[in-house]
Amino acid sequence: MIIVQRGKVLFKRRLPSSMNGNFGKKCMKIKKIFSLMTAFLCLFALVACGEKEVPPSPPPEDSFEQYREIPVDYTKIDATHEDSALNLWFSHAFSKTAKDDTRSTGRDTYKIYMGKNEKENCQFFLSAATEKSFSLAASDFRSEKGDIVPVSLFYQYYFTMPFENMEQEVPDAIPPVKEGAAFTVNANESAGFVLQAKTSADTPAGEYTATLEVFDGAGRQIKTAKVFLHVWDFVLSDDTVCRTAMWIDKNTLMGHDYKTLYDYLLDNRVNAYDLPYALDDPRVDEYLDDPRVNAFNILGFKFNKESGKGDEQIKSAMRAAYTKLSVKEEWNEKGYFYLVDEPNPSEIQKLGWIKMYGEWLEECYPGYRQLSPFFTDQWYDTAKTQDWIEFLRPYINIWVPKTYAYTTLREYGQIVGGKCLYKEGQEAELDVKFGSYPKRIQNMVEQDGDEAWWYVTSQPTDPYITLNTTEPGVAYRILFWQQKLNGVSGFLYWSVNYWSGDGWNNREGEWTEGSKTYGNGQLIYPGAKVGESGPVGSLRLESVRDGIEDYQVFTMLEKLVGKEKVNELIRRTTTHAAVWERDEDHFAGERVILGNYLEALSSKA
């Protein structure tokens with residue numbers, strides 16, 4: 001047996017000792033005789049058939065390989081005043097390149113692949129042996145017929161942290177490039193940028209090109225490159241399949257209004273916990289009707305007894321919410337109640353709170369959906385008749401454990417660094433009594449109509465994926481491939497604006513459960529520091545959005561070929577929440593296969 005973690009072999013099953021010694025020598029002799037016989041048969045076949053070459057077999061009709069990318073035939077272009085001392089190269093949208101990394105990828109151009117109504121990026125970098133100052137410009141993408149796909153440029157802002165086993169300056173925030181803005185790259189360092197394309201639902205499918213230009217201080221063109229784009233002939237709808245829930249802390253808005261941050265996330269296919277307006281505000285209807293809004297916390301985060309609300313106050317709010325939302329079925333389906341956060345062994349009373357709120361909701365809000373993220377499960381009673389999950393089943397119907405919940409007991413013993421949802425020391429008994437969590441949630445979804453979500457914070461640790469800044473860039477996107485593989489329909493993240501100081505420290509050096517973490521709870525940045533009136537995004541948020549869009553494409557493909565075929569494609573990249581391929585070129589190739597496959601099948605349909 002071979003167990004693989006992030007493309008590395010962790011352990012192999014050894015051959016039995018009987019394979020050594022004289023027995024092994026006899027096996028070698030038999031192998032040699034067999035090889036000679038095979039060679040003779042092959043020689044006979046060649047003589048019989050002459051010297052005709054046998055053409056390679058075409059790939060099977062359902063082979064993924066037939067949808068692999070065909071590389072662009074491109075010759076590097078010299079600028080009008082080419083600066084040979086300045087290096088320009090391209091990389092994948094999800095790559096993470098430290099500032100002192102000046103190794104070129106060897107890509108003089110890049111081809112972006114995307115569907116309609118989607119955002120997709122590539123990155124490019126500049127470096128030199130001496131300090132260089134420059135400015136940038138990029139044209140919109142244009143097809144031969146004159147169709148336009150708009151382009152935006154962003155520059156990368158760096159933070160110091162451990163990355164790839166050493167202290168480095170690592171990019172995350174991506175403020176927009178303003179027209180005519182000057183940049184400087186230090187000697188023997190790189191400066192990273194993001195080129196983003198944005199399609200609409202009616203963008204014509206096909207091939208497009210754009211031009212990137214780099215200018216010196218005198219305005220002379222010193223570098224240029226052509227960038228390519230293929231728009232797939234399918235549309236990603238606004239009603240995103242992957243449900244999301246992320247907290248915007250209203251106490252740390254740093255000059256921004258809540259609605260601005262909410263709309264920014266929504267434009268990136270992410271739903272914040274709370275809507276911008278209260279349910280009794282007529283302006284909320286626009287959001288309730290918006291197909292991009294697929295999940296919201298009905299009473300608002302922390303509207304509970306813990307925050308000082310009275311019993312009747314909470315019940316009255318539940319009734320009023322039902323009166324408002326039951327008017328339209330689609331409004332009601334989007335809402336959930338998030339009244340208790342993370343029950344755990346040190347706060348076991350929270351289980352009783354969930355039960356209490358569930359009973360109130362049964363009375364005040366028929367057909368309610370309640371969630372409460374949790375990271376462990378153990379026996380509820382000393383008689384061992386119920387665990388926490390069984391106790392909560394009458395009251396919870398959106399289940400949100402951490403991602404390691406999808407590690408079975410058998411996998412827990414095989415995967416280096418594996419974690420199990422069941423409490424250590426009780427895992428075997430719980431598994432015998434109730435089965436694995438993946439099997440249990442599958443039954444609850446199929447039998448009870450429950451929903452399966454999951455979440456991460458600064459934990460779990462490697463080999464599982466979080467949204468911490470120190471993860472490999474490709475990880476954030478693979479997380480949503482894993483989500484699709486496991487049949488998980490929603491993703492919860494506890495905060496996007498966990499800001500301190502000026503909000504640009506990337507939560508550096510924060511200690512969480514005995515280890516330093518970076519970027520925890522922070523996917524956007526306050527814009528004032530870089531002269532922006534709105535929030536500034538991050539490479540991580542870009543990858544989260546792209547992962548959500550990949551999830552959408554997988555769901556579209558599933559309707560045509562079925563779940564098993566989709567899972568077969570996903571397993572070429574990740575087979576488990578803790579087992580995934582970190583090679584960036586591999587992932588980029590697999591994503592092109594995904595889109596090309598769906599496009600080919602859609603055209604046939």
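The analysis underlying the following values was restricted to heavy atoms, covering all of them including side chains, and did not include hydrogens, waters or symmetry mates. The shown structure was predicted, so the numbers you read here are calculated from the model rather than taken from an experiment. Starting from 1, each residue takes its place in the sequence as its number.
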CD (E424) with more than 12 external heavy atoms under 6.0 Å: no
Any side-chain donor near an acceptor of the partner, N520 and W494, under 3.5 Å: yes
Pairwise ring pair (Phe, Tyr, Trp, His ring centres under 6.0 Å) hits with a residue in residues 547-577, at least two apart: W481-F554
Between N121 and Q196: side-chain donor-acceptor atoms closer than 3.5 Å: yes
Donor + acceptor pair across side chains of E471, T466 (<3.5 Å): yes
Test of ring centre spacing under 6.0 Å for Y412 and Y404: no
Q313-S316 side chain donor-acceptor pair, cut-off 3.5 Å: no
Counterpart residues, salt bridge (charged side-chain N to carboxylate O under 4.0 Å, His left out), relative to K302 (two or more places apart): none
Salt bridge (charged side-chain N to carboxylate O under 4.0 Å, His left out) partners of K419, counting only residues at least two apart: none
With sequence neighbours excluded, residues passing salt bridge (charged side-chain N to carboxylate O under 4.0 Å, His left out) with K423: none
Within 6.0 angstrom of K563 NZ, more than 12 heavy atoms from elsewhere: yes
Parallel, tilted or perpendicular, as decided by the 30° and 60° cut-offs, for the rings of F391 and Y380: parallel
Ring centres under 6.0 angstrom apart (Y476, F94): no
Listed once per pair and sorted, the salt bridge (Lys or Arg N to Asp or Glu O under 4.0 Å) pairs that draw on residues 343-371, sequence neighbours left out: R319-E363, E347-K350, K355-E359, R369-E451
Inter- and intrachain pairs under ring pair (Phe, Tyr, Trp, His ring centres under 6.0 Å), touching residues 274-296, at least two apart: Y262-Y287
Listed partners of D289 passing salt bridge (charged side-chain N to carboxylate O under 4.0 Å, His left out), at least two apart: K328
Quiz item: cation-pi between K116 and F234, 6.0 Å / 45°: no
Distance-only donor-acceptor check, side chains N344 and T376, under 3.5 Å: no
Residue pairs passing the salt bridge (Lys or Arg N to Asp or Glu O under 4.0 Å) test where at least one lies in residues 476-494, sequence neighbours excluded: E120-R477, R477-D546, R477-D550, K484-E558
Name the atoms and distances for all side-chain donor-acceptor pairs under 3.5 Å in residues 235-242, with sequence neighbours left out.
unit_1, atom_1, unit_2, atom_2, d
S237, OG, D239, OD1, 2.6
S237, OG, Q552, NE2, 3.1
D238, OD1, N117, ND2, 2.9
T240, OG1, D238, O, 3.4
T240, OG1, R269, NH1, 2.8

Minimum heavy-atom distance T574-V579, with the two atoms named: OG1-O, 2.9 Å
Centroid-centroid distance, W247 to F301, less than 6.0 Å: yes
Those residues that, when tested against Y395, pass ring-ring contact (aromatic ring centres under 6.0 Å, His included) (two or more places apart): none
D502 versus Y525, side-chain donor and acceptor atoms under 3.5 Å: no
Residues R591, E118: salt bridge by 4.0 Å N-O rule: yes
T470 versus N468, side-chain donor and acceptor atoms under 3.5 Å: no
Any donor-acceptor pair under 3.5 Å from N486 side chain to Q482 backbone: yes
Heavy-atom donor-acceptor pair, S602 side chain to L598 backbone, under 3.5 Å: yes
With sequence neighbours excluded, residues passing ring-ring contact (aromatic ring centres under 6.0 Å, His included) with Y258: none
Any residue meeting ring-ring contact (aromatic ring centres under 6.0 Å, His included) with F480, in chain and number order, not counting sequence neighbours: F491
Non-hydrogen atoms of Y493 and G519 that approach each other most closely: OH-O, 3.9 Å
